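Here is the structure we will look at.
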Amino acid sequence: MFTELDAKQKAPEREKATLEYWKSNDIFSQTITSREAEGAQEWVFYEGPPTANGRPGVHHVQARAYKDLFPRYKTMQGYLVRRKAGWDCHGLPVEIEVEKKLGFSGKLEIEKYGVEPFNKMCRESVMEYEQAWREMTERIGFWVNLDDAYMTMTNNFVESVWWSLKELWKKGLLYQGYKVVPYCAQDGTPLSSHEVSQGYKDVKDASIYVRFPLKNAAEKGLPQDSALLVWTTTPWTLPGNVAAAVAPNLNYVVVESELGPLVVCDALVEKVFGEGATAVDGKSFKGTELTGLEYEAPYTWFEFDKPGHRVITGDFVTAEDGTGIVHIAPAFGADDMLVGQENNLPVVRPVDPQGRFVEEAELIKGQWFKDADPIVIKDLKIRGLLFKKLVYEHSYPHCWRCKNPLMYYATDSWFIRNTSVQDRLIEKNQELDWHPSHIKNGRYGDWLNNLVDWALSRNRYWGTPLPIWECECGERDCIGSYAELAEKSTTPLDPSSPDFDPHRPHVDNVKLKCPKCQGEMSRVPEVIDCWYDSGAMPFAQLHYPFENKERFEKIAFPADFICEGLDQTRGWFNSLHQLGVMLFDSIAYKSVICHGLVLDGNGNKMSKTAGNAVDPWDILNTAGADALRWYLYVSAPPELSRRFSEELVSESARRFLGTILNTYNFFVLNANAARLDLSKANKPADREALDRWVLGRLNQLISEVTADLDVFDLTPAARKLDAFVDDLSNWFVRRSRRRFWAEEVDAFQTLWECLEALSRLLAPFVPFTAETLYLGLYQGKPPHASVHLESWPKADESLIDKTLLENTEVLQKVVSLGRSARSESGHRTRQPLPEALVRAKTAEQQEELEASVDQIMEELNVKSVRFLSIGEEFLDYDIKPNLRLVGKKYGKLVPALKKALQSVDGKAAAAAFASQETFKVDVEGETLELLPEELLVEAKSPEGFAAAEDSGYLVALTTELTPELEREGLARDVVRHIQELRKTSGLEITDRIELWVAGESEMLNKTLQEYGDTVKSETLALSLSVNGTVPEGANKAEVELKVLELAFTIALVKAGEANS
RNA sequence: GCGGUUAUAGCUCAGUCGGUUAGAGCGCAUCCCUGAUAAGGAUGAGGUCCCAGGUUCAAGUCCUGGUAACCGCACCA
């Protein structure tokens, strides 16, 4: 017996049972051990490590749904796919959470609290939500090995990272520099460019025009009291001013203002001073002529060690906005720093690393840098230096974690010189198989073209410590392993001890002996960017090169497949690629899917703060995991952002998953009733056309889905599966119903084969439903314990009969038109109609349709089918040019030809067409001879028929009813109502009955005489009594047929239970 | 500001090589069927294919320029 599915059971319950089954039978680990036993080739998947210090959201489910599909698919294809989970443990996100918990707001408080207890809390908080992640991961059926997950904070992982840093050090790719970097003053650390890009926000800042009065204007022929006019959007950087830059090739003029003569670029005079403003006496100066001018800076709090406060030239200065004169503060801008070095300018740093103004900055000492803006502006105004103040709206980078505005700030930090391998990174990017493909030369290609050195160090606490020790004498050393550390340490050290911790502050206490001066070397204070950790996972997860050397080098690198969100292009995808190229001169992954964002039901971005984030559990608990997964696969390709709501998910899944289960239940219901030996079925090639058709569709499906998945096109694959399920249920099953009731073993076997193959095809997509199907179809004795241990189906091309597939499409088209025609006729389907008139597009089609006449009759409930050939006197035709052919041949004449054909005699043209003669048309004075294939002849719906036409097909129904036909219709009505009563009486479909029908209509009595036996056999009635006495306790129903204006009563009892 | 992606029915999305009447599902309306039944199916209404140009006999499709949304990039002072 096949297991019937409980229709009342909700999907989540069924899925939980499947989860139990997988767990108790160890199915997931079997998918790996079984392939190991076979010595299967490995297919390598890397799991990008999430941080488990927050609850997982829908977007995490999304990523995991895509990630899960391909390993399952490849496993079924016979590959060994290990799936090691991973957790990102280090970094600012973790520290921020802990700071929040402790109520801290800066590094000073952490230092006071102590790095050791702080890092201990970080370590503990990292896995705080591991359980929540585990539950989600398991519930959605994402098979990944959580018990053997790599964690970036483990000693082994850190040691591998150290090894890699030393490799870079040896190659001269790791260096320290004093550079202007994006810097978060709140967190006291520089950020890398990919972190910066996460935090741009539109803000309104004050932009001001400031006077820099010139000291020696007259020397250059300028009015004595003139001043440079400088524009800035960051007033707080003015105390750091050391120079003013002009464009060497632009022209500058003097404009008179309330505040005296001002120097600006000539192209910007009107923009700054308003329309009609003009320069004084028309004199103009080239930028280069202005160099050497000195000015009084607004603030002179700092002693200069070199001459400053003078005019220099800079290529980056443009006349696009501002005044064409740029204020230079080397501490606060990369360009400024560069131009400062070129011009031998001093550097002053009025802001300390905590973001507060230093003591010397009298007016604003101790102020938070951004808070100094209004004070500076007010001060400038009082002193007559402020020419104009505007509000300037622009996007400005903010810290991606603490949300404070960043400063560009000159500081010592460590860099990876990836710009030195830029060409190789670009070259190797060409080998990556990006999905969607435009990322390769678009988003990621652009990034590589504009590469800057990777700012690696973080002035923080909880991260992989930078393994560089330095001596007062300047000697530096990079440590690449714990053994090396122990060997060079001045105090004994046992890396194998359980107490050994390479994190801060422990590692800070390790001192090395300087090989140069014999002094003591201390570790530099920085830790590294946690993105480096994640980029190191291909080798660090294996503790390479200390362990697994061969495995890494021969098998586990590069990955065949990775998949994450689009936002990882500059994140993980990038760090993997860069480390792959720099360390191994290799790509780190072959194929990569970048998926888009999840939006809420209204198309807005989901965010915790906006409160519109959908909790994945709301959907998992109602619609179920397969529904969620299926929606993600079928609704849109992964790279598109998609709307997401509970309704959208259940909607899409109900139709697809529901139809599959219904089809399965239909099979089970009938198969259990028939109890056939399915092995007695004919070979596929010897079965009926309907069976061969659906098996052809199936094998076509197998071949197409396989081809799609091989190139990671999961959405087209899902949509083809969807279309097949529809064909299976709504054509094969419906057309085969009578055959199932007749217990035709071929029909059963064909449906079983379709469902069995479907269970395997669906396994990577909807693993729960697939499993239910699979186990059910094998009646508890499956060849493998799970569909996920099965092999992927192979298409049997010999079963794909293209002609049969095409003919069936034509048949479906004709039936569809027939239904449309019947709907127009107003006659219910149960009422047989005398005749369907069918016109196919071509003679070949008509010939094929003639073989399917009985199917047309049955589908449309008509007594006969007549094919219309050209020449029927009641048919008229639309004549159109076959544009594909005619377009090329006649070119510009086509519009006129089209028009001419509208007014030709349709019948004559059709006759010519039918006899394969050319047809002459006059077009713009020319006579064109059209070949038959250049014409399209479409029959028009004839008058007086219920008819429907579409693209060359026509179906018309004759609707004159005879009393005979009406009685036949009535018989079907009677049967139908008896069936209804059977059901409401709670009978099993195999139960036999005794039957009574009573009514006063002459027509009814005649019908029952005529069709009594049919009624009996259709309803499994052993007896039929017309107008007889109904026993007590029988199930009764009154029936009123409005169409026929008659009423009758039916009654039945289960055979053998009549009590009279 | 620069770059990318997207724009087709109320919603979610297809639309091949440029070709004749632009499709599906959901929703809506009408109806049918029912031995898959707390299912299933059909029919119908619903379209400025974002806008404007251009190429072409012919454009949802190709080109140019815009617009909008999303994403990315950006030290532009």
Side-chain angles (χ1 to χ4, degrees), chain A residues 7-8 180 182 193 196-197 200 207 230-234 237 245 314 316-318 320-329 332-337 394-395 397 408 436 438-439 442-443 446-447 450 566-567 569-570 596-597 599 601 603 605 631 634-636 639-643 647-648 651-652 654-656 658-659 661-670 673 719 722-723 729-730 733-734 737 740-741 816 819-820 822-824 826 828-830 880-888 890-898 936 938 948 950-951 976 979-980 982-983 989-990 1018-1020:
Chain A
K8 283 179 201 153
V180 171
S193 40
V196 174
S197 61
Y200 275 89
S207 80
V230 167
W231 182 66
T232 180
T233 56
T234 49
T237 61
F316 55 89
V317 181
T318 65
E320 269 159 42
D321 16 40
T323 62
I325 305 175
V326 174
H327 126 74
I328 300 296
F332 301 125
D335 268 343
D336 305 46
M337 177 65 99
H394 62 150
S395 65
Y408 286 90
H438 61 77
I439 304 273
R443 188 170 297 196
D446 285 347
W447 165 267
N450 299 310
L566 213 53
D567 53 332
T569 314
R570 268 77 177 199
L597 296 170
L599 308 172
K605 198 171 169 174
Y631 175 75
V634 85
S635 65
E639 69 266 22
L640 295 183
S641 53
R642 85 254 344 266
R643 294 183 186 204
E647 291 74 39
L648 286 169
E651 193 177 288
S652 113
R654 193 179 54 229
R655 203 184 91 259
F656 179 69
T659 304
L661 293 177
N662 268 332
T663 307
Y664 169 82
N665 260 349
F666 174 86
F667 170 81
V668 169
L669 196 69
N670 290 286
R719 286 177 174 162
D722 193 280
S729 161
N730 288 325
V733 170
R734 196 182 67 226
R737 257 182 253 202
F740 289 110
W741 302 331
S816 161
R819 281 198 277 254
S820 175
R822 178 178 274 274
S823 170
E824 192 179 309
R828 67 200 195 286
T829 311
R830 254 172 269 137
K880 291 174 187 171
N882 186 347
L883 287 175
R884 245 181 244 270
L885 301 175
V886 164
K888 286 203 181 81
Y890 294 110
K892 293 195 178 186
L893 284 175
V894 169
L897 172 63
K898 263 171 140 175
L936 295 175
E938 296 182 0
D950 184 61
S951 54
R976 153 83 194 99
Q979 302 290 26
E980 180 72 26
R982 281 183 60 111
K983 198 162 57 195
I989 58 163
T990 47
E1018 287 286 310
T1019 61
L1020 300 185

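Everything quoted here is computed from the prediction, not taken from an experiment. To find a chain, count down the sequence lines: A is the first, B the second, and so on, and within it residues start at 1.
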Whom does [N] pair with, Watson-Crick or G-U wobble, provided both distances fall under 3.5 Å?
N      : result
C33(B) : none
A14(B) : none
G46(B) : none
U21(B) : none
A39(B) : none
U61(B) : none
G3(B)  : C71(B)

Examine distances only and state if a side-chain atom of [X] and a backbone atom of [Y] form a donor-acceptor pair shorter than 3.5 Å.
X         : Y          : answer
Gln979(A) : Glu1018(A) : yes
Arg570(A) : Arg443(A)  : yes
Asn670(A) : Phe666(A)  : yes
Arg822(A) : Arg828(A)  : yes

Next item on the list: Any chance you could measure Arg982(A), atom CZ, to Leu1020(A), atom CG, to the nearest 0.5 Å?
Entry: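 Output value for this atom pair is 5.0 Å.
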Check: At what distance, to the nearest 0.5 angstrom, does CG of Asp335(A) lie from CE of Met337(A)?
Finding: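 The CE atom of Met337(A) is 12.0 Å from CG of Asp335(A), to the nearest 0.5 Å.
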Item checked: C71(B) base / Arg443(A) side chain donor-acceptor hit below 3.5 Å ->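 A donor-acceptor contact between them is present.
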Margin query: I'd like to know if Thr237(A) reaches the base of A77(B) with its side chain, counting only an N/O donor and acceptor under 3.5 Å.
Written below: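 Side chain to base: no pair below 3.5 Å.
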Next item on the list: Using the closest heavy atom to pick a nucleotide of RNA chain B for each, name whichever of Val733(A) or Val230(A) lands nearer the 5' end.
Entry: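 By nearest-heavy-atom nucleotide position, the 5'-most residue is Val733(A).
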Margin query: If you assign each of Arg734(A) and Ser729(A) to its closest nucleotide in RNA chain B, which residue comes earlier from the 5' end?
Written below: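 Per heavy-atom nearest nucleotide, the more 5' residue is Ser729(A).
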What integer number of Å spans the [atom1] atoms of [N] and [M]?
N      : M      : atom1 : value
C50(B) : U12(B) : P     : 15 Å
A68(B) : G41(B) : P     : 43 Å
C26(B) : A14(B) : C1'   : 15 Å
U5(B)  : G10(B) : C1'   : 25 Å
A42(B) : C33(B) : C1'   : 9 Å
G15(B) : C71(B) : P     : 24 Å
C11(B) : A39(B) : C1'   : 25 Å
C49(B) : U61(B) : C1'   : 10 Å

Checklist line | Min side-chain heavy-atom separation Ile328(A)-Val326(A) under 4.5 Å | finding: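 The answer is yes, as the side chains (C-beta and beyond) meet within the 4.5 Å cut-off.
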Would you mind classifying the nucleic acid contact of [X] as base, sugar-phosphate or nothing, using non-hydrogen atoms under 4.0 angstrom?
X          : value
Gly891(A)  : base
Ile325(A)  : nothing
Arg822(A)  : nothing
Thr663(A)  : base
Glu1018(A) : base
Arg830(A)  : sugar-phosphate
Val634(A)  : nothing

Let me know the distance between [atom1] of [X] and [atom2] of [N], rounded to the nearest Å.
X         : N      : atom1 : atom2 : result
Glu980(A) : A39(B) : CD    : P     : 15 Å
Asp446(A) : G3(B)  : CG    : C1'   : 6 Å
Tyr631(A) : C13(B) : OH    : P     : 6 Å
His327(A) : C76(B) : NE2   : C1'   : 13 Å
Asp336(A) : A77(B) : CG    : P     : 10 Å
Arg737(A) : G40(B) : CZ    : C1'   : 7 Å
Asn662(A) : A36(B) : CG    : C1'   : 5 Å
Arg655(A) : C13(B) : CZ    : P     : 15 Å

Next item on the list: Run through Thr659(A), Leu661(A), Asn665(A) and flag the one making a side-chain contact (heavy atoms from CB on, under 4.5 Å) with Thr663(A).
Entry: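 Exactly one candidate clears the test, Thr659(A).
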By side chain to side chain contact (heavy atoms under 4.5 Å, CB included) - contacts of [X] (at least two apart):
X         : result
Ser820(A) : Ala948(A)
Thr323(A) : Tyr209(A), Leu229(A), Trp231(A), Val264(A), Val272(A), Ile325(A)
Leu893(A) : Tyr890(A), Val923(A), Glu924(A), Glu926(A), Leu928(A)

Next item on the list: State whether Ser816(A) places a side-chain N or O below 4.0 Å from either non-bridging phosphate oxygen (OP1 or OP2) of U43(B).
Entry: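 True: Ser816(A) side-chain N/O within range (under 4.0 Å) of U43(B) OP1/OP2.
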Note to self: Just N and O in the side chain of Asn665(A): are any of them under 4.0 Å from OP1 or OP2 of A36(B)?
What the structure shows: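 No, Asn665(A) has no side-chain N/O under 4.0 Å of OP1/OP2 on A36(B).
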Item checked: Listed partners of Phe656(A) passing ring-ring contact (aromatic ring centres under 6.0 Å, His included), at least two apart ->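 ring-ring contact (aromatic ring centres under 6.0 Å, His included) list for Phe656(A), sorted by chain: Trp630(A).
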What nucleotide among [options] has an atom nearest to a side-chain atom of [X]?
X         : options                : result
Trp231(A) : G72(B), A77(B), C75(B) : A77(B)
Leu640(A) : G35(B), A14(B), A77(B) : A14(B)
Ser823(A) : U43(B), A77(B), C71(B) : U43(B)
Arg570(A) : U43(B), G72(B), A77(B) : G72(B)
Asp335(A) : C33(B), A77(B), C75(B) : C75(B)

Notebook entry, point to check: Along nucleotides 16-21 of chain B, 5' to 3', which nucleotides get a B, which get an S, and which get a -, given that the test is a protein heavy-atom distance under 4.0 Å?
Noted result: ---BBB
Give me the distances for all protein-to-nucleotides 63-68 of chain B N/O pairs that come in under 3.5 Å?
none

